[in-house]
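This report refers to the structure that appears directly beneath it.
Predicted model, so just to flag it, every value in this text is computed and none were measured. Counting begins at 1 with the first residue of the sequence. FYI, side chains are in, hydrogens and waters are out, and symmetry mates aren't considered; it's all heavy atoms of this structure.
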Amino acid sequence: MHIFATLLSILLFSISSFGAYAASRDEVLTEVQLREKPNILAQSIVNTLPQLPQLDSAETFDKFTQSYRLPAAELIRNIQLTARLKMELYNKEKDRYLAAKSLIEQLAHISHSPFDKSYLLMLKGRYLGRSQQDYAGAIEYYQQAIPLIEQSTVLADQVLLYTLQEHLSMMHMIMRQKESALIHLKKLISTAKKIENNYLTAHAESVLGKYFYKQNQLGKSLSHYTEAVKYTRGGKNPSQNAHIELQLARVYRDLASWDEALKSANKAADAFTQLGNLNYVSSSMTVIAMIYANQDLWYQAIDYHLNAQQIETQLGNYIGLGLNLHNIGEAYFKIGDTQNSLSNLKQANAIFTSKKAEHYLVYNDLLIAEVTASVSQWQESQLYATKAAKIAESKQLNEELKEALERQAYAQEQLGLYEQAYNSIQQLQTLNSQATPQASELDKQRSQVKEQKLKLKISKLQNELQDKSEQLNITRLVSILCVFPLCLLILLSVKQWRIKNKLATANQELQATQLLEPFTQQPSYLSFKLNFENQNEKQQKTLALVSLSAQLDSDLTQGFECNADMNRQQLLAIKNALECKAYIIRPGVFLISLDSIIEANQLLAQLRDVIDSNHGQTSIHMGILHRPLLADLAIKLSAEQHFLSLQMMLSAARTLGLSQDYFVTMKTLNFASAGIFNKPLYLNIEKSIVRGIVKIETNGDKDNIVWPRWKIHQNIDINDDKVYI
C-alpha cells in the first residue's frame with residue numbers, strides 16, 4: 001500500500017508539474033533546436049541537469065527530485081531529450097548507444113503519463129533502429145506509441161506525433177514498404193499543418209519530396225522540394241536549408257541537370273561543414289561522386305567517394321562506410337580495376353553482413369557476382385548470386401531476384417552444373433510468367449513488331465549496300481575534292497555572319513541609346529516622337545509639359561549625377577502614380593502622355609502629391625493640351641507641332657509667378673484651321689488668341705500672362721490679320 005501511495009503521489013505530481021512545465025517550455029522551439037542545433041540543446045540540458053543516480057524505481061526518482069527541489073516533469077523531459085540526443089547522427093561519442101540504453105531503462109521506471117509512455121516507446125524503437133538496424137522491431141514500438149497521443153490536441157503531444165510519423169515513414173522507406181511510408185507521410189503533413197510552424201511544414205514537404213524521389217517520380221519530388229523552399233525563406237535554419245539543397249542535388253542529378261546538381265551539392269557540403277555535421281558532409285561528397293559517376297567520370301567519382309570514406313571511418317558509421325566501399329568498388333569495376341573493386345566490395349559485404357543490413361547486402365552481392373563473372377571466377381560468382389537470390393526472395397524483391405537468378409544460372413552453366421542452371425532458369429521463367437497475361441501478350445506483340453521491322457530494315461540495307469558500294473569509290477574522290485573549298489566557304493560564311501550579327505547588335509544598342517536622355521537614361525523627346533508616330537488618336541488623349549521651376553538649374557547647383565538621380569526618381573514616381581508614359585526633356589522638365597482625358601486642375605493636384613513625396617521643394621508649372629486640337633479629325637498634327645504648343649503653354653504658365661502651382665491650356669474653336677500650328681507657330685497661336693480663335697484657360701490671372709516673343713518676330717504687330725505660313 002505504501003508503494004502504491006508513493007507511485008500515485010509521483011504520478012499526480014508529474015501530471016501537475018508537466019502542465020506548468022509545458023507552459024514554460026516551447027515544445028516546437030525545442031524540436032527545431034534539436035534538429036538545427038543539437039549541440040547547443042545538449043549543452044543547455046547538461047547545465048541544468050544534475051548528476052543522476054541510478055533511477056531504478058519510482059521511490060528513488062521521488063527522493064531525488066525532492067532533494068534537489070526539481071519539477072518532476074522537467075527532469076523527465078530533460079532525460080528524454082538527452083536519450084534522444086545520444087542517438088542523433090551528430091553525436092560522435094563511442095558509448096552513445098550504451099548511454100542511451102541506460103537512460104531508456106531508467107525512464108521505464110518513471111514514465112506514467114501517455115506522453116511519457118509514448119516517448120519511451122519511441123526511444124526504444126529508435127535504439128533498435130540506430131544501434132542494430134532492426135527496423136521491423138523499431139516499427140512495432142512506434143506503432144504502440146502513436147495511439148497513446150494520437151487524439152490529443154496538446155501541443156507537446158502533437159510535436160511528438162509529428163516525430164513518430166516522420167520516423168515511421170523513413171523506416172518504411174528503408175524497408176521498401178512504399179504504401180505504408182506514404183500513409184505516414186500524409187499524416188506527417190496533416191500534423192504539421194495543425195502545429196502551424198513553417199520549419200516543421202517545410203521539413204514535412206521535403207520528406208515527401210524524398211519519398212517521391214525514391215519512387216522515381218522526379219516531377220512530384222521537385223514540386224514538394226519547391227514547396228518546402230517557400231517555408232524556408234530567410235535562412236534562419238541553416239541545417240534544414242542544407243538538407244533541402246542536398247536532396248535537390250539528388251533530384252537534379254537524376255534529371256541529368258549536372259550544373260544545378262553540382263551547385264546544390266556543393267552548397268550542401270559547405271553548409272554542413274560550417275555546421276560541423278560530418279555525417280551529411282559525407283552524404284554530400286557521395287552525391288557529388290555519383291553526379292560524376294553518372295557522367296562516366298569515374299576517377300573524379302572515386303576521389304569524392306574516398307573523401308566520404310575518410311569521414312565515415314572517423315565517425316565510426318559502419319553502414320555509411322559500407323555504402324561508400326560499395327560505391328568505390330563499383331567505380332573501380334567501371335575503370336577495369338577488378339582487384340581493387342573486389343577488395344572494396346568484400347569489405348562492404350562484411351560490414352553489411354555484421355550489421356544484418358540485408359537491404360544493402362543484396363545489391364552488394366549482385367555486384368560481386370557481376371565483377372567475379374567478368375574475370376571468370378565462376379565459383380565465387382555463383383556463391384554471391386545465390387546469396388543475393390535468397391535475400392531478394394525473402395524480401396520479395398522480384399527485380400533483384402531475377403537478376404540474381406540470371407547470374408546464378410550463367411555461373412552454373414560455366415561450371416558445368418547444367419541441371420542446377422536449368423532449375424535456376426525454370427525459376428526465372430516462373431517469375432516472368434507471374435506478370436499479367438495481358439502485359440505479357442502486349443510485350444510479345446511489341447517484340448514481334450520490332451522483329452519484323454528489323455528484318456525489313458536489314459533486307460533493305462543489304463540491297464542498298466550492293467548498289468551504293470559501286471558509287472562509293474567515285475563519290476569518295478568527288479567528296480575529297482569538294483570538302484576543302486566547302487569548308488573554306490563555311491568558315492567565311494560563319495565569319496561574315498558573326499560580323500553581321502555584331503554590327504546589327506551594335507546598331508540596335510545605338511538606336512536604343514539615342515532615344516534616351518543622356519544623363520538619366522530615361523525616355524527623351526526623341527522617344528516621345530517615335531511613340532507618337534506609332535500610336536493613333538485614341539491612345540494619347542492628354543499631353544502635359546511639366547516644369548519643376550525651382551529645380552531647372554539643379555544640374556549646376558548640385559551636379560548632374562545627383563540631379564539625374566533625383567529627376568529619374570521623380571519621373572518614375574510620376575509614371576507609376578499616373579499610369580502614364582513619361583519623358584524627360586531636360587533637367588526639371590517632363591513630358592507626360594495619358595490615354596484618357598484628365599482635367600488640368602486634377603492632373604496638377606496629382607502631380608503635386610507625387611512631387612511632394614519626391615524632392616518636392618519646388619513650384620510646378622504646366623502646359624497641358626487635350627487631343628485632338630482641331631475639330632476636323634482628318635487633319636493630323638505632328639508630334640513636333642504638339643510639343644511646340646505645349647512649350648508655349650508652359651512658357652505662359654511660368655510667367656504667372658511662383659506663389660502657387662499654375663497651368664495654362666488652350667482650346668480651338670470648331671472652325672479653326674491647321675494654319676494656326678504652322679511656322680512660326682508661336683506667332684500664329686498668339687494672333688489666333690487675339691482673334692478669339694484660340695481660347696486660353698488657366699488657374700491664374702490671364703491678364704498676367706506674358707506671351708513669349710521670338711527675336712525674328714518680336715516687332716511684328718500681332719493684331720495684323722496676316723497668318724504666317
Side-chain angles (χ1 to χ4, degrees), residues 28 31-32 34-36 84 87-89 118-119 121-152 157-229 231-232 237 239-240 243-244 246-248 250-251 279-280 283 319 357-360 395-397:
V28 175
E31 185 66 25
V32 173
L34 187 146
R35 295 164 182 267
E36 284 290 317
R84 183 175 167 188
M87 293 182 285
E88 290 299 309
L89 289 175
S118 181
Y119 210 102
L121 289 166
M122 181 190 76
L123 291 174
K124 288 181 177 179
R126 192 75 164 160
Y127 175 78
L128 273 184
R130 285 289 192 198
S131 65
Q132 301 175 31
Q133 285 73 52
D134 183 3
Y135 298 112
I139 287 172
E140 290 183 12
Y141 279 115
Y142 275 77
Q143 288 174 338
Q144 295 173 42
I146 287 178
L148 297 175
I149 56 170
E150 194 168 17
Q151 303 303 319
S152 173
D157 293 344
Q158 288 293 314
V159 174
L160 176 57
L161 181 62
Y162 177 95
T163 304
L164 291 169
Q165 298 291 4
E166 179 195 356
H167 291 177
L168 270 170
S169 67
M170 298 303 292
M171 287 188 287
H172 280 298
M173 276 195 275
I174 289 173
M175 298 182 70
R176 302 187 65 160
Q177 297 170 351
K178 297 181 288 188
E179 292 78 9
S180 298
L182 185 57
I183 290 171
H184 290 291
L185 285 172
K186 289 180 178 178
K187 291 180 179 179
L188 178 68
I189 292 287
S190 175
T191 306
K193 291 180 179 178
K194 290 179 183 177
I195 297 172
E196 296 181 344
N197 176 264
N198 284 347
Y199 179 94
L200 297 181
T201 304
H203 183 70
E205 290 287 352
S206 68
V207 176
L208 198 55
K210 183 178 181 180
Y211 169 82
F212 285 114
Y213 170 76
K214 293 291 185 183
Q215 310 313 313
N216 202 32
Q217 298 182 37
L218 300 181
K220 288 185 177 180
S221 177
L222 192 59
S223 173
H224 282 288
Y225 282 126
T226 304
E227 188 68 20
V229 170
Y231 293 96
T232 60
N237 302 306
S239 178
Q240 184 180 61
H243 279 284
I244 292 175
L246 180 58
Q247 295 294 358
L248 276 172
R250 293 188 173 111
V251 176
N279 284 287
Y280 285 102
S283 297
I319 292 295
E358 292 186 337
H359 46 286
Y360 296 132
K395 294 189 173 294
Q396 298 181 342
L397 304 175

Tell me the closest heavy-atom pair linking K178 and Y211, and the distance in Å.
O-OH, 3.1 Å
Using every non-hydrogen atom in the two residues, find where A138 and G125 come nearest and quote the distance to one decimal.
CB-O, 3.1 Å
Could you report the tightest heavy-atom contact between Y141 and L121, atom names first, then the distance?
CB-O, 3.4 Å
L218 and V251: which non-hydrogen atoms are nearest, and at how many Å?
O-CG1, 4.2 Å
Between the OH atom in Y142 and the OG atom in S118, the distance rounded to the nearest 0.5 Å is 10.0 Å
Does some side-chain heavy atom of D157 sit less than 4.5 Å from a side-chain heavy atom of L161?
no
If you look only at distance, which donor and acceptor atoms sit under 3.5 Å apart when one is on a side chain in residues 179-194 and the other is two or more places apart or in another chain?
| residue | atom | partner | partner atom | Å |
| --- | --- | --- | --- | --- |
| H184 | ND1 | Q165 | OE1 | 2.7 |
| T191 | OG1 | K187 | O | 2.8 |

CZ of R126 to CG of L164: how many Å apart, nearest 0.5 Å?
10.5 Å
Any heavy-atom pair between the side chains of M170 and K210 that's under 4.5 Å?
yes
Check step by step if side chain to side chain contact (heavy atoms under 4.5 Å, CB included) holds for L168 and I146.
CA-CA 10 Å; L168 270 170; I146 287 178; 3.2 Å; yes
E205 vs Y225 side-chain heavy atoms within contact, under 4.5 Å:
no
Rounded at 0.5 Å granularity, tell me how far NE2 in H224 sits from CG in L208.
4.0 Å
Within 6.0 angstrom of K395 NZ, more than 12 heavy atoms from elsewhere
yes
If you measure from OH on Y360 to CD1 on I319, what distance do you get to the nearest 0.5 Å?
6.5 Å
Carefully, step by step, assess T163 and R84 under the rule side chain to side chain contact (heavy atoms under 4.5 Å, CB included).
CA-CA 11 Å; T163 304; R84 183 175 167 188; 3.5 Å; yes
4.5 Å side-chain heavy-atom contact, S223 and Q217:
no
Rounded to the nearest 0.5 Å, how far does CD of E166 lie from CZ of R35?
4.0 Å
Side chains of M175 and M171 in contact at under 4.5 Å (non-hydrogen atoms):
no
Is there a side chain to side chain contact (heavy atoms under 4.5 Å, CB included) between Y162 and H203 once you walk through the steps?
CA-CA 11 Å; Y162 177 95; H203 183 70; 3.4 Å; yes
Quick one: does Y213's side chain have a donor or acceptor within less than 3.5 Å of a partner on L222's backbone?
no
Roughly how far, to the nearest 0.5 Å, is CD of Q247 from OG of S206?
7.0 Å
Look only at the side chain of Q240 and the backbone of Y199, and say whether a donor-acceptor pair between them is shorter than 3.5 Å.
yes
Using the side chain to side chain contact (heavy atoms under 4.5 Å, CB included) criterion, which residues pair with N198? Sequence neighbours excluded.
Y231
Taking Q158 for the side chain and S152 for the main chain, is one N or O donor matched with an acceptor at less than 3.5 Å?
yes
Should the pair H359 and Y135 be assigned to parallel (<30°), tilted (30 to 60°) or perpendicular (>60°) ring geometry?
perpendicular
Sequence neighbours left out, what passes salt bridge (Lys or Arg N to Asp or Glu O under 4.0 Å) with E36? Give chain and number order.
none
Could you go through the side chain to side chain contact (heavy atoms under 4.5 Å, CB included) check for Q133 and I174 one step at a time?
CA-CA 10 Å; Q133 285 73 52; I174 289 173; over 6 Å; no
